[in-house]
Amino acid sequence: MSYFTDLAQQYIDGEWRTGGGSWDIIDFNPYDDEKLASITVATVDEVDQAYRAAERAQRAWADTNPYARRAVFERALRLVEEREEEIAAAIIAELGGTRTKAGFELHLAKEFLREAVNLALRPEGRILPSPEDGKENRLYRVPVGVVGVISPFNFPFLLSLKSVAPALALGNAVVLKPHQNTPILGGSLVAKIFEDAGLPAGLLNVVITDIAEIGDALLEHPVPSVISFTGSDKVGRHVATVCAANFKRSVLELGGNSALIVLDDADLDYAVDAAVFSRFVHQGQVCMAANRVLVDRSVEAAFTEKFTAKVRSLVSGDPADPATHLGPLINSSQVEAVTALVEQAVAGGATALVRGAAEGNVLSPTVLTGVPDDSPVLRQEIFGPVVTLIPFDGDEEAVRIANDTPYGLSGAVHTGDIERGVRLAQRVRTGMIHINDSTVHDEPIVPFGGEKHSGVGRLNGESTVEAFTTHKWISIQHGRSRFPF
């Protein structure tokens, strides 16, 4: 099937339909600007229809034997495996991912589907003691009901599945809104896979739309109990505010400004490899990417020489070419924003050891050094192929610099002394940090999330169970209580 022709529709209550809006979202290939699809936007009324369908379908799904629910995810996993080549081609076309990136995203997507198979059986109840004679306290873990999911453009297939699959496996229904730049991979393809896997109608609904059309309807609607959002901290702040005002939980996976720290006893060749991958995978459009590479001054010269040489060897261009390391950014606005940030840094006194140039939406790498302490480039997320090299004197200064950011998502420490690395890592205020590895990691059973402006809450494994279920206390008095009146 042609994903971009056949799936350019809304998916509501088990039906593929044209949106009721008066304008279209145009889905472009970011490398060559080819028009992939035209999708008429969903309206506020259709958001309501999606949530109402989810609400109707959810109760029977929650009552379904979890072994039967599990079978849906086993079939979905097999479908992804069977369609892997087609999905990889769609990743290259819709978001400009290289072949390596497509393989990376699909590998993780399959791992998270495998975990969803297990999650269907994960929730467990408890019996708790009571100070009251004859009383039994039962604590049930139950689905929250309906979950709203808003996914981003950088890993749309993976990051939609990462919330959608476990929410469904745990007995919930879902309304999914993909990013308008990746409506197929982030939205309708996910719906198609679950439809073909036998998921009952109404449990997963996809609305392809934009806030220009629906405003906050997706967040304010009375049906969903939890909103799972992945995106920028600016939008995340708004999501959290609206959710709180409407008594909803929000799970926020937001931006980062991660530091990869190279200590004086690190394996420099290995650290260079890790740092280049950590910054430039998917053109730097990764929340966990190492925006900042901190290097002990005693090895700064040697590291910088090796690092810049490797960066210069990276090939930028057509993501369909297996030799390409960096494909296009998602759109021209991103290219302009990243280019302006580099120009601002250089104008402020930074030195570009490698200076990238734009060709269409393809932006080749930039390596900055000598960035002034007050430069904005040091403290904000850079969603593009730009990295800053920052020298430090000793571990104390490395920790201070790493923490000098409003973000706290990921990080890495490279050292020949593992326990030294762990001691330093414990002092970096970040949700995740890796010793002698890259900053870019996600695993199905390990809690994923950030501190500070990088998010609220965690996903994966038991954290996902916490996110998409709630506790219910039922007590039983086997004897008789005494009342004061």
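Quick note: numbers below take in every heavy atom, side chains included, and nothing from hydrogens, waters or symmetry partners.
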Does a salt bridge link E466 with R141, judged by any charged N lying under 4.0 Å from a carboxylate O?
yes
Below 4.5 Å, heavy atoms only, C-beta onward: do V190 and L185 meet side chain to side chain?
no
So, S163 versus S228: side-chain donor-acceptor pair below 3.5 Å or not?
yes
Does D233 use its side chain to pair, donor to acceptor, with the backbone of G236 at less than 3.5 Å?
no
Donor-acceptor under 3.5 Å (S454 side chain, L254 main chain)
no
Could you give me the CA-CA distance, side-chain angles and deciding distance for H441 and M432, then say whether side chain to side chain contact (heavy atoms under 4.5 Å, CB included) is met?
CA-CA 9 Å; H441 286 285; M432 308 169 287; over 6 Å; no
Check whether any side-chain heavy atom of F468 lies under 4.5 Å from a side-chain heavy atom of V226, and answer yes or no.
yes
Hey, are N460 and D442 close enough side-chain-wise for a donor-acceptor pair under 3.5 Å?
yes
Output for pair (N137 CG, L128 CG), nearest 0.5 Å, gives 6.0 Å
Would you kindly say whether S410 and S258 are connected by a side-chain donor-acceptor distance under 3.5 Å?
no
Minimal non-hydrogen separation, I39 against I184, with atom names:
CD1-CD1, 4.1 Å
Inspect the contact between E74 and R70 and indicate whether a charged nitrogen and a carboxylate oxygen are less than 4.0 angstrom apart.
yes
Within 6.0 angstrom of L139 CG, more than 12 heavy atoms from elsewhere:
yes
About how many Å separate CZ of F73 and CG of L199, when rounded to the nearest 0.5 Å?
6.5 Å
Output yes when E124 and R126 qualify as a salt bridge under the 4.0 Å nitrogen-oxygen rule, no when they do not.
no
Any donor-acceptor pair under 3.5 Å linking the side chain of E46 with the backbone of T43?
yes
I need the minimum non-hydrogen distance between L119 and V465, along with the two atoms involved.
CD2-CG2, 3.6 Å
Measure the acute angle between the ring planes of H453 and Y407, then classify it against the limits of 30° and 60° as parallel, tilted or perpendicular.
perpendicular
Are any of the side-chain heavy atoms of L260 and L294 separated by less than 4.5 Å?
no
Answer yes if the side chains of Q477 and S481 hold a donor-acceptor pair under 3.5 Å, and no otherwise.
yes
Check: N361 side chain, P30 main-chain N or O, donor-acceptor pair, under 3.5 Å
yes
We want to know whether D318 and T324 form a side-chain donor-acceptor pair, criterion being a heavy-atom distance below 3.5 angstrom.
no
Using the rule salt bridge (Lys or Arg N to Asp or Glu O under 4.0 Å), only one of E115, E84, E81 pairs with K110; which is it?
E84
Nearest heavy-atom pair of I208 and Q9: which atoms, and what distance?
CD1-O, 3.5 Å
Between K192 and E195, is there a salt bridge with N-O shorter than 4.0 Å?
yes
Heavy-atom neighbours of N246 CG exceed 12 at 6.0 Å
yes
Taking atom OH of Y67 and atom CG of L121, what is their separation to the nearest 0.5 Å?
5.0 Å
Give a yes or no on whether I476 atom CD1 has more than 12 heavy-atom contacts from other residues, nucleotides or ligands under 6.0 Å away.
yes
So do the side chains of P183 and E94 get within less than 4.5 Å of each other, counting heavy atoms only?
yes
Got a donor-acceptor contact below 3.5 angstrom from the R17 side chain to the Y11 backbone?
no
Over all atoms of both residues, closest heavy-atom pair of V175 and A54
CG2-CB, 4.2 Å
Quick check: do Q283 and F383 have side-chain heavy atoms less than 4.5 Å from each other?
no
So, the side chain of S160 versus the backbone of G186: is there a donor-acceptor pair under 3.5 Å, distance only?
yes
Using a 4.5 Å cut-off on heavy atoms from C-beta on, say whether the side chain of S151 contacts that of T230.
no
Any Lys/Arg nitrogen of R379 or D404 sitting under 4.0 Å from an Asp/Glu carboxylate oxygen of the other?
yes
Evaluation steps, side chain to side chain contact (heavy atoms under 4.5 Å, CB included), between F280 and L314
CA-CA 9 Å; F280 297 110; L314 299 178; 3.9 Å; yes
Go through the side-chain N and O atoms of S38 and D24 and say whether any donor and acceptor fall under 3.5 Å apart.
yes
Ring pair (Phe, Tyr, Trp, His ring centres under 6.0 Å) for Y270 and H414? Distances and angles first, verdict last.
CA-CA 9 Å; Y270 178 66; H414 280 254; 5.4 Å; yes
Do E132 and R480 meet the salt-bridge criterion of a basic N to acidic O distance under 4.0 Å?
no
I want to check something: taking the side chain as every heavy atom from C-beta on, are L219 and I214 in contact at a cut-off of under 4.5 Å?
no
As an exercise, state the distance from CZ of F112 to CG of L159, rounded to the nearest 0.5 Å.
8.5 Å
Report the relative orientation of the aromatic rings in H282 and F155; use parallel for angles under 30°, tilted for 30 to 60°, perpendicular for over 60°.
perpendicular
Would you say D210 and Q180 are linked by a side-chain donor-acceptor pair, where the criterion is simply a distance under 3.5 Å?
yes
Is the backbone of A402 close enough, under 3.5 Å, to the side chain of R292 for a donor and an acceptor to pair up by distance?
yes
Donor-acceptor pair, side chain of K177 and main chain of G148, under 3.5 angstrom:
no
Identify the heavy atoms of G96 and P328 that sit nearest to each other, and give their distance.
O-CD, 3.5 Å
Between the OG atom in S250 and the CZ atom in R237, the distance rounded to the nearest 0.5 Å is 12.5 Å
Does N172 reach the main-chain N or O of V146 with its side chain, forming a donor-acceptor pair under 3.5 Å?
no
Between R75 and D196, does any NZ, NE, NH1 or NH2 come within less than 4.0 Å of an OD or OE carboxylate oxygen?
no
Does the pair R52/D13 count as a salt bridge with the N-to-O cut at 4.0 Å?
no
Could you tell me whether the side chain of Y51 and the main chain of L218 form a donor-acceptor pair under 3.5 Å?
yes
Heavy-atom pair of closest approach, residues L113 and A165
CD2-CB, 4.0 Å
Going by distance alone, is a donor N or O of one side chain under 3.5 Å from an acceptor N or O of the other, for H238 and D216?
yes
Please lay out, stage by stage, how L176 and V207 fare under the test side chain to side chain contact (heavy atoms under 4.5 Å, CB included).
CA-CA 6 Å; L176 167 64; V207 289; over 6 Å; no
Are any of the side-chain nitrogens in E253 or K162 under 4.0 Å away from the carboxylate oxygens of its partner?
no
Between L106 and E85, is the side chain to side chain contact (heavy atoms under 4.5 Å, CB included) condition met? List the steps.
CA-CA 10 Å; L106 277 163; E85 286 301 316; over 6 Å; no
Measuring from L409:CG to I433:CD1, what's the distance to the nearest 0.5 Å?
11.0 Å
Ionic contact status for E105 with K101, cut-off 4.0 Å:
yes
Check: W61 and P200 side chains under 4.5 Å, non-hydrogen atoms:
yes
